[in-house]
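Take this structure first; my questions come after.
Predicted model, so just to flag it, every value in this text is computed and none were measured. One-based numbering along the sequence shown.
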Amino acid sequence: KVGWYNAVLQPAFHLPYPEDTLAFVVLSTPAMFDKALKPFVNKQQLKIIRDPVDQCVSHHLSRVKEKFPDQRVDVMFDYEMLPSRKPKFLAQTAAHVAGAAYYYQRKDVKLDPWGKKKIYGVCIHPKYGGWFAIRGLLLFPDIQVPFLEQPAPVDCVSTEEKRIELLEQFNFHWQDGRYRDIIEVKERYSEEQKAYFATPPAERLRLLGL
């Protein structure tokens, strides 16, 4: 429910919907690369190429929207900004309150070792660890769900030591991706997918043969 999200944020970040409004957080799993992105690129659905992943997600979410012709469906993407340069929604917070992935932050560590350093939080999924992405939000403004019960996200990095290790790796060594394997995962990105995301955006089109 939108209210779960608004309840944990300052008013400046609130979504402008009644609190019982139904929303879905959209994640992409490791299989997205082979099952969605490559077929999308191969079909040459990219008339104007900007970011293939963003365009692929946009294509699939617009198809979801078409499945509900009688409903208003508002879509927000993780990369969209407001004119104020604030993101349209805070993806990691949305994933946490929806019970999709646990958003580990500095406040989850009791004995904080970082002093004045800025420490960013990161979401970990109980099945995919850090090998997933939050892509968007689907909102159904005409559907109110007052009786929906909030599911808690799975706290899969439960020890203080592991949480410190996770935040250290994410903030200071994120390029090597070790933070993604902070727990035992069921599935991770293929070598091809790792190479794609490790390549600077301007050079990714070459990898896809575009």
Query raised in the report: Are side-chain N/O atoms of E187 and T29 paired as donor and acceptor at under 3.5 Å?
Result: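 Side-chain D/A pair, E187 to T29: absent.
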
**Report entry** Neighbour count >12 (heavy atoms, 6.0 Å) for atom NZ, K38
**Finding:**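 Counting other residues, nucleotides and ligands, NZ of K38 exceeds 12 neighbours.
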
Query raised in the report: Out of curiosity, does L27 fall in the hydrophobic cluster containing Y103 (side-chain heavy atoms, cut-off under 4.5 Å, transitive links)?
Result: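 Not linked; separate clusters.
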
Query raised in the report: Looking at K88 and L82, what are the two nearest heavy atoms and their distance?
Result: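 So the two residues come closest at CG-CD2, 4.0 Å.
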
Query - Step-by-step ring pair (Phe, Tyr, Trp, His ring centres under 6.0 Å) determination, F33 to Y196 - result: CA-CA 10 Å; F33 195 77; Y196 178 81; 5.6 Å; yes

Query raised in the report: Distance under 6.0 Å and angle within 45° of the ring axis: does K117 meet both against F172?
Result: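 The answer is yes, since K117 meets both limits relative to F172.
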
Query raised in the report: Is atom CD of E184 surrounded by more than 12 heavy atoms (other residues, nucleotides or ligands) closer than 6.0 Å?
Result: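 No - once you tally the heavy atoms of other residues, nucleotides and ligands closer than 6.0 Å, there are 12 at most.
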
**Report entry** Charged N-O contact under 4.0 Å between R163 and D155
**Finding:**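 A salt bridge is present here (some side-chain N lies under 4.0 Å from a carboxylate O).
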
Query raised in the report: Considering residues at least two apart in sequence or located in another chain, which fulfil the ring-ring contact (aromatic ring centres under 6.0 Å, His included) criterion with F13?
Result: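 Counting only residues at least two positions away or on another chain, F13 forms no ring-ring contact (aromatic ring centres under 6.0 Å, His included).
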
Requested in this report: Might you confirm whether atom CD of E203 has over 12 heavy atoms from other residues, nucleotides or ligands at distances under 6.0 Å?
Outcome: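 Counting neighbours around CD of E203, more than 12 heavy atoms of other residues, nucleotides or ligands fall under 6.0 Å, so yes.
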
Report task. Would you please say whether a donor-acceptor pair under 3.5 Å links the side chains of Y179 and N171? Result ->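 There is no such pair between these side chains.
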
Report task. State whether the number of non-hydrogen atoms from other residues, nucleotides or ligands found under 6.0 Å of F197 atom CZ is greater than 12. Result ->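 Atom CZ in F197 is crowded, with more than 12 foreign heavy atoms closer than 6.0 Å.
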
Using distance only, find each side-chain donor-acceptor pair of residues 128-142 under 3.5 Å and give its atom names and separation, not counting sequence neighbours.
unit_1: W131; atom_1: NE1; unit_2: D181; atom_2: OD1; d: 2.9
unit_1: R135; atom_1: NE; unit_2: S28; atom_2: OG; d: 3.0

Query raised in the report: Should we count CH2 of W114 as having more than 12 external heavy atoms under 6.0 Å?
Result: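 Atom CH2 in W114 is packed in, count exceeds 12.
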
Query raised in the report: Which pair of non-hydrogen atoms, one from K65 and one from V75, has the smallest distance, and what is that distance?
Result: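 Distance-wise, the nearest heavy atoms are CD-CG2, 4.0 Å.
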
Query - Results of side chain to side chain donor-acceptor pair (under 3.5 Å) for Q71 - residues two or more places apart only - result: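 Listed in chain order: nothing, the list is empty.
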
